[in-house]
Amino acid sequence: MRRRQQPPLPKRHGLDPARLRLPEDGHWATIRDHLVHRLPRVTPERIDELLRAGGIVDLDGPIAPDAPYVPGGAVWFHRDLPEETPVSFDIPIVYRDDTILVADKPHFLSTIPRGRHILQTALVRLRRELDLPDLIPAHRLDRATAGLLLFVVDPARRGAYQTLFQRQQVHKEYEAVAGYRSGLVFPLSVESRIIKEKHVLAAQEVPGPPNAYTRIELLEHRGDIARYRLRPATGRTHQLRLHMNSLGVPILGDDFYPVITDKSVDDFTRPLQLLAATLEFTDPVTGATRRFDSTRTLQAWTDPRGWAAGPDGAPAS
């Protein structure tokens, strides 16, 4: 397997520098001209500033502002970070050894850097807080979902654990709090075909052969809400949220299903009541059976009034 080229810049805030390969058919006179063309979201003035400060480098060191374009070359630099609202919830460590780490992610924290969420992500925070610069997730949870995340500490073992999830060899159990319908008979299985288009927020269930399967059990109910156990056999984007919604019992706090709501990224009230509660698998390195359980609970069940309260403490309208 081809080894990844080592960046000539160190990590910053737990993040590798960005790498840009210079196209073989490039016609630009200077690298600076190419960067202005290639990075439309970065002003030419900012590119000039980075070049003067030695912040854009190749394998030989900082690039001069008038350095000629080199077809097939590569440059590295650290991107400017967006302003982010701190997600001030802890990330408890459930288990850690020299090979893996299991964290109990809170709601509102993305797994990896993406879009407006860079420093305020589980990966970057754990890399910095635990001084583990090579830490990498074996799988992902979306920002709204809380619960167990498996990270790989030893880079040499990364592929073995990521393959477990790719081959669906990890037993996963989730808990959810959602509406209750007396006409539904549990346990039941839901299957459908789910697609997620790029740049579209919500996934969709469409006609065609099923590619998503979920087993759902009713654990208990009171009044018009209930607590469920969800056992996905596949890992499609928003699969559990879509399958609960298809039953007419959308998960409480879901801002995508049945309709997308405009919730600010710094609004940390009424979190999605979905928890990745259990991970179980045969360890690909030791052969031992591993089982990890979240210590979190879902607030809409344990403290429904507190969960429903708005940012000023008043009940949600």
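These numbers come from the heavy atoms of this one structure, side chains and all, not from hydrogens, waters or symmetry mates.
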### Message
Show, in sequence, the C-alpha distance, side-chain angles and deciding distance for His243 and Ser192, and conclude whether the side chain to side chain donor-acceptor pair (under 3.5 Å) test is met.
### Response
CA-CA 8 Å; His243 282 175; Ser192 67; 2.9 Å; yes
Please check: side-chain N/O of [X] versus main-chain N/O of [Y], any donor-acceptor pairing under 3.5 Å?
X	Y	value
Thr111	Leu141	yes
Asp90	Pro92	no
Asn211	Ile194	yes
Ser294	Arg296	yes
Arg236	Lys196	no
Gln299	Arg305	no
Trp307	Pro271	yes
Thr121	His117	no
Asp104	Thr295	yes
Glu191	Tyr213	no

### Message
Side chains of Thr234 and Gln239: any donor to acceptor distance under 3.5 Å?
### Response
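Judged by distance alone, the side chains do pair up.
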### Message
Checking side-chain polar atoms at under 3.5 Å, does Thr99 have a donor or acceptor matched by the opposite partner on Arg157?
### Response
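Checked: Thr99/Arg157 side chains show no N/O donor-acceptor pair below 3.5 Å.
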Determine the minimum heavy-atom distance between [X] and [Y], stating which atoms define it.
X	Y	value
Asp267	Lys263	O-CE, 3.3 Å
Ile91	Pro106	CG1-CD, 4.1 Å
Ala277	Leu148	O-CD1, 3.5 Å
Gln204	Leu242	N-CD1, 4.3 Å
Ala309	Thr269	O-CB, 4.2 Å
Thr30	Asp66	CG2-O, 4.0 Å

Kindly indicate whether the side chain of [X], heavy atoms from C-beta on, has any atom under 4.5 Å from the side chain of [Y].
X	Y	answer
Asp134	Asp154	no
Leu149	Leu101	no
Arg19	Phe77	no
Pro71	Glu24	yes

#### Entry: Set of residues satisfying salt bridge (Lys or Arg N to Asp or Glu O under 4.0 Å) with respect to Asp303, sequence neighbours excluded
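Counting only residues at least two positions away or on another chain, Asp303 forms no salt bridge (Lys or Arg N to Asp or Glu O under 4.0 Å).
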#### Entry: Steps toward side chain to side chain contact (heavy atoms under 4.5 Å, CB included) verdict (Thr214, Arg231)
CA-CA 6 Å; Thr214 306; Arg231 293 175 171 165; 5.9 Å; no
### Asp48/Arg32 under salt bridge (charged side-chain N to carboxylate O under 4.0 Å, His left out): CA gap, chis, key distance, verdict
CA-CA 8 Å; Asp48 291 336; Arg32 185 260 184 201; 2.8 Å; yes
For the atom pair [atom1] ([X]) and [atom2] ([Y]), what is the distance rounded to the nearest 0.5 Å?
X	Y	atom1	atom2	value
Leu272	Asp254	CG	CG	5.5 Å
Arg128	Leu119	CZ	CG	5.5 Å
Asp142	His107	CG	NE2	10.5 Å

Tell me whether the count of non-hydrogen atoms from other residues, nucleotides or ligands lying under 6.0 Å of [atom1] in [X] goes above 12.
X	atom1	result
Arg140	CZ	no
Arg12	CZ	yes
Arg167	CZ	no
Arg114	CZ	no
Asp97	CG	yes
Arg41	CZ	no

Do the side chains of [X] and [Y] join up, straight or via other hydrophobic residues, at under 4.5 Å, putting them in one cluster?
X	Y	value
Leu15	Val42	no
Val94	Phe281	yes
Leu274	Leu218	yes
Leu150	Leu164	yes
Leu279	Tyr161	yes

### Within 45° cone and under 6.0 Å: Arg38 NZ/CZ vs Trp28 ring
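Ring-cation test returns no.
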#### Entry: Proximity of Tyr257 and His238 rings by center, below 6.0 Å
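Yes, close enough.
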### Query
For the ring pair Phe186 and Tyr228, is the centre-to-centre distance below 6.0 Å?
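Yes, the ring of Phe186 comes within the 6.0 Å limit of the ring of Tyr228, centre to centre.
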### Query
Is the His139 ring parallel, tilted or perpendicular to the Phe165 ring (thresholds 30°, 60°)?
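Ring orientation, 0 to 90° scale: parallel.
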#### Entry: Ring geometry between Phe268 and Phe89 (parallel below 30°, tilted from 30 to 60°, perpendicular above 60°)
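Aromatic pair Phe89/Phe268 classed perpendicular.
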### Task
Evaluate side chain to side chain donor-acceptor pair (under 3.5 Å) for His171 paired with Glu173, printing each intermediate quantity in order.
CA-CA 7 Å; His171 174 75; Glu173 293 184 7; 2.9 Å; yes
Can a salt bridge be assigned to the pair [X] and [Y] using a cut-off of 4.0 Å between side-chain N and carboxylate O?
X	Y	answer
Asp80	Arg46	yes
Arg229	Glu175	no
Arg290	Glu280	no
Asp255	Arg270	no
Arg291	Asp293	yes

### Message
Set out, in order, the CA-CA distance, both residues' side-chain angles and the distance that settles side chain to side chain contact (heavy atoms under 4.5 Å, CB included) for Ile47 and Thr43, then state yes or no.
### Response
CA-CA 6 Å; Ile47 291 173; Thr43 66; over 6 Å; no
#### Entry: Which residues share a side-chain hydrogen bond (donor to acceptor under 3.5 Å, both in side chains) with Gln273, sequence neighbours left out
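Not a single residue meets the side-chain hydrogen bond (donor to acceptor under 3.5 Å, both in side chains) criterion with Gln273.
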### Query
Are Val153 and Leu132 close enough, and set up right, to give a side chain to side chain contact (heavy atoms under 4.5 Å, CB included), and what steps lead you there?
CA-CA 7 Å; Val153 177; Leu132 293 172; 4.1 Å; yes
### Query
Quick one: which of Ile93, Leu123, Ile100 gives a side chain to side chain contact (heavy atoms under 4.5 Å, CB included) with Phe151?
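By the side chain to side chain contact (heavy atoms under 4.5 Å, CB included) criterion, Phe151 pairs with just one of Ile93, Leu123, Ile100: Leu123.
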### Message
What verdict does the side chain to side chain contact (heavy atoms under 4.5 Å, CB included) test give for Phe256 and Asn245, after you've listed the backbone C-alpha separation in whole Å, the side-chain angles of each residue and the deciding distance to 0.1 Å?
### Response
CA-CA 10 Å; Phe256 282 13; Asn245 183 65; over 6 Å; no
